[in-house]
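These notes are about the structure you will find just below.
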Amino acid sequence: MSRTQRLGIAFSAFIAFAVGVITTLSLLLGDRPELYAEFAGAPAFARLMSLPAAIMVRLVAITSAVTIVIGISNLLYVHLGRVVRGAFFSIVMIASFALTIWWYWSKGGDTSLLAAVQVPIESALAALLFLSMVQGGARVLNKRADIWGLLFVTVLVVVLLGTVPIESLGPVRAWSDWLMEIPVSAGARAILLGIALGTVVTGVRVLLGQDRSYRG
Amino acid sequence: MDDSTLQVYTILFVVITIVLVYTSRFFSARRMPRLSQGRVPGFKRLSGWVGEAIEAGRPLHLSFGSAGIDAESAPVAAAEAELFYHVIKAAGSGDVAPVISTSSAATIPLCQDTIRRAWAGDERRSRAQWFPQGPRSMAFAAGLTATMQVEDPSAHVLAGSFGPELALILDSAERQGQGSFAVSDQLEGGAIAFAMADEVLIGEQLFSAAAWLSHESTARADASVQDVWRGLLIALMAILVIIEVAGQLGIASWSLVLWAALALVVIGVVFVRRR
């Protein structure tokens with residue numbers, strides 16, 4: 001690696017670190033005049049402190065909008081490549097894309113074509129999703145023939161039975177409610193806590209410019 | 001707790017994490033052994049799938065789901081990019097470049113950057129693929145299942161942010177006889193991964209996955225910081241439970257709490273040593 005490349009890496013890591021720290025501090029300490037109540041001109045100072053975060057958040061919003069263009073370019077690039085190889089669904093995709101754009105322009109911004117096609121298809125896929133999930137639930141014991149798989153299926157059955165509106169299933173409903181309120185809730189919180197800790201550690205790694213994307 | 005106190009605690013938490021990351025990296029540079037993949041069966045199987053992909057001349061499919069670098073799931077995207085880097089690096093001697101998919105347009109540059117760094121061969125630009133998400137991610141799942149037929153990957157590594165749409169993707173993989181390794185930061189996605197994927201990771205394993213595949217001591221050091229925080233959190237919760245129970249039984253005393261905490265530490269040390 002040349003000296004110029006090493007300098008470039010150090011520079012990008014420094015920029016990431018500086019922007020990260022300034023934005024974090026600005027988010028935490030900005031726009032809160034009560035924190036600086038002892039100083040004269042506290043409201044103006046609080047507004048000044050919140051400025052870097054506001055600028056960065058706005059920049060992120062603009063960049064996100066631009067990435068949609070990148071996404072569409074990527075989609076077209078990938079599918080045009082497949083059209084050359086004769087992929088039928090890619091031809092359909094390119095034709096649909098062209099038709100939707102033409103419809104939007106020629107009908108003065110009308111998106112009814114998109115709504116008329118996409119919404120029913122997504123609803124149909126949502127119905128298919130139900131079947132896939134039931135099938136997946138039924139196959140759990142094939143994949144995980146252990147105590148955890150058995151526990152998963154037992155809880156699933158109890159909770160499903162608990163939602164059935166039949167009076168004789170009252171005790172099952174009580175079990176189902178207890179399962180959802182105590183063990184399931186505790187497990188979900190434990191998973192979310194673990195994810196939160198991982199998020200903080202990864203966030204710190206990025207904040208310090210130690211992520212691989214800054215290493216050239 | 002008022003907002004100001006919460007902010008002070010937040011800053012303290014971040015500063016302590018920074019100190020822990022640097023301390024852990026300092027000590028791990030020499031002493032920390034490589035983690036054994038055998039302890040998490042999913043990683044062992046993943047290595048097998050990488051080998052199969054190379055032998056069969058088929059690609060691997062890696063997916064970020066909806067994890068985007070412009071959203072709250074940015075750390076998830078960063079952690080998974082690290083995991084994918086190591087998976088692609090391991091598959092580097094193959095003929096066909098892996099496919100990386102995402103439903104977040106902002107993640108496309110990250111996908112391409114990950115392939116560029118890890119894959120030495122040609123044919124890199126078309127391997128990062130974006131599928132528009134749609135209101136319920138169903139469009140993403142539909143696009144992905146179509147790609148699964150065209151590209152015919154040997155296995156799928158679905159690590160990122162997935163919701164219920166994961167069921168469609170895993171069902172399609174199952175029907176086509178393709179292996180699947182799944183982990184999601186969403187609870188619904190995690191539950192579906194547990195039920196339907198061949199191999200699954202849960203919770204914070206999402207963020208320490210790179211440590212299991214990598215030779216780099218820094219990845220293992222970062223994973224150990226998570227372990228430290230988790231240990232502290234568990235100890236704190238256990239102590240609070242002991243104090244609460246002791247208070248309700250009328251036998252609360254500091255010596256009891258101290259002994260109980262000591263017992264917990266001993267159990268923890270024994271457990272860690274045995275692992």
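- When each of A:T63, A:T199, A:L25 is scored by its heavy-atom pairs under 4.5 Å with chain B, the top score falls to A:T199.
- The 12-atom threshold is exceeded at CD of B:Q176, counting heavy atoms of other residues, nucleotides or ligands nearer than 6.0 Å.
- Taken from NE2 in A:H79 to CD in B:Q129, the straight-line distance is 7.0 Å, to the nearest 0.5 Å.
- The two residues B:A139 and A:Q118 come nearest to each other via the heavy atoms CB-NE2, 4.3 Å.
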**Request:** Give the C-alpha distance, both sets of side-chain angles, the deciding distance and a yes or no for salt bridge (charged side-chain N to carboxylate O under 4.0 Å, His left out) between A:R82 and B:E151.
**Result:** CA-CA 10 Å; A:R82 285 188 194 160; B:E151 301 284 352; 3.4 Å; yes
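- Side-chain contact check for B:F207 versus A:I195: some heavy-atom pair is nearer than 4.5 Å.
- For B:D222 (side chain) and A:V201 (main-chain N/O), no donor-acceptor pair under 3.5 Å exists by modelled atom type.
- A pairwise comparison of heavy atoms in A:L125 and B:A142 identifies CD1-CB, 3.6 Å as the closest pair.
- Atom CH2 of B:W130 is separated from atom OG1 of A:T67 by 8.5 Å, given to the nearest 0.5 angstrom.
- Counted within 6.0 Å of CZ on B:F13, heavy atoms from surrounding residues, nucleotides or ligands total more than 12; the atom is thus considered enclosed.
- Contact check for A:S132 versus B:I192: no side-chain heavy atoms found under the 4.5 Å cut-off.
- Heavy-atom pairs under 4.5 Å with chain B peak, among A:L27, A:I72, A:L207, A:I121, at A:I72.
- Rounded to the nearest 0.5 Å, atoms CG (B:D171) and CG (A:L128) are 9.0 Å apart.
- For the residue pair B:A167 and A:M133, the shortest heavy atom distance occurs at CB-CG, 3.5 Å.
- Considering only heavy-atom pairs separated by less than 4.5 Å from chain A, the leading option among B:L187, B:T17, B:T102 is B:L187.
- Within the 4.5 Å cutoff, no side-chain heavy atoms of A:T202 are placed close to those of B:E82.
- The line from CE of B:M237 to CZ of A:R189 is 11.0 Å long, rounded to the nearest 0.5 Å.
- Of the two parts of B:L170, neither the backbone nor the side chain holds a non-hydrogen atom closer than 4.5 Å to a non-hydrogen atom of chain A.
- With a 4.5 angstrom heavy-atom cutoff, B:A79 touches chain A via backbone and side-chain atoms both.
- Using a 4.0 Å cut-off between a side-chain N of Lys or Arg and a carboxylate O of Asp or Glu, A:K143 and B:E174 qualify as a salt bridge.
- The aromatic rings of B:F194 and A:F152 sit tilted relative to each other, their planes meeting at an angle between 30° and 60°.
- Among all heavy-atom pairs drawn from A:G203 and B:P75, the shortest one is N-CB, 4.5 Å.
- In this structure, CZ in A:F89 is found 11.0 Å from OG1 in B:T147, a value given to the nearest 0.5 Å.
- Interface remark: A:L192 contributes side-chain atoms only to the contact with chain B (heavy atom separation under 4.5 Å).
- Heavy atoms of A:L156 lying under 4.5 Å from chain B are absent altogether.
- Expressed to the nearest 0.5 Å, how far CD1 of B:I11 lies from OG1 of A:T24 amounts to 9.5 Å.
- In this structure, chain A has heavy atoms under 4.5 Å from both the backbone and the side chain of B:I18.
- Note on A:L129, A:V140, A:L193, A:V60: by heavy-atom pairs under 4.5 Å with chain B, the leading option is A:L129.
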**Message:** One pair to check against side-chain contact (heavy atoms from CB on, under 4.5 Å): A:L197 and B:E204. What are the steps and the verdict?
**Reply:** CA-CA 7 Å; A:L197 289 179; B:E204 77 282 354; 5.8 Å; no
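- B:L168 touches chain A through backbone and side chain together, each having a heavy atom under 4.5 Å away.
- Interface remark: B:V76 contributes no atoms to any contact with chain A (heavy atom separation under 4.5 Å).
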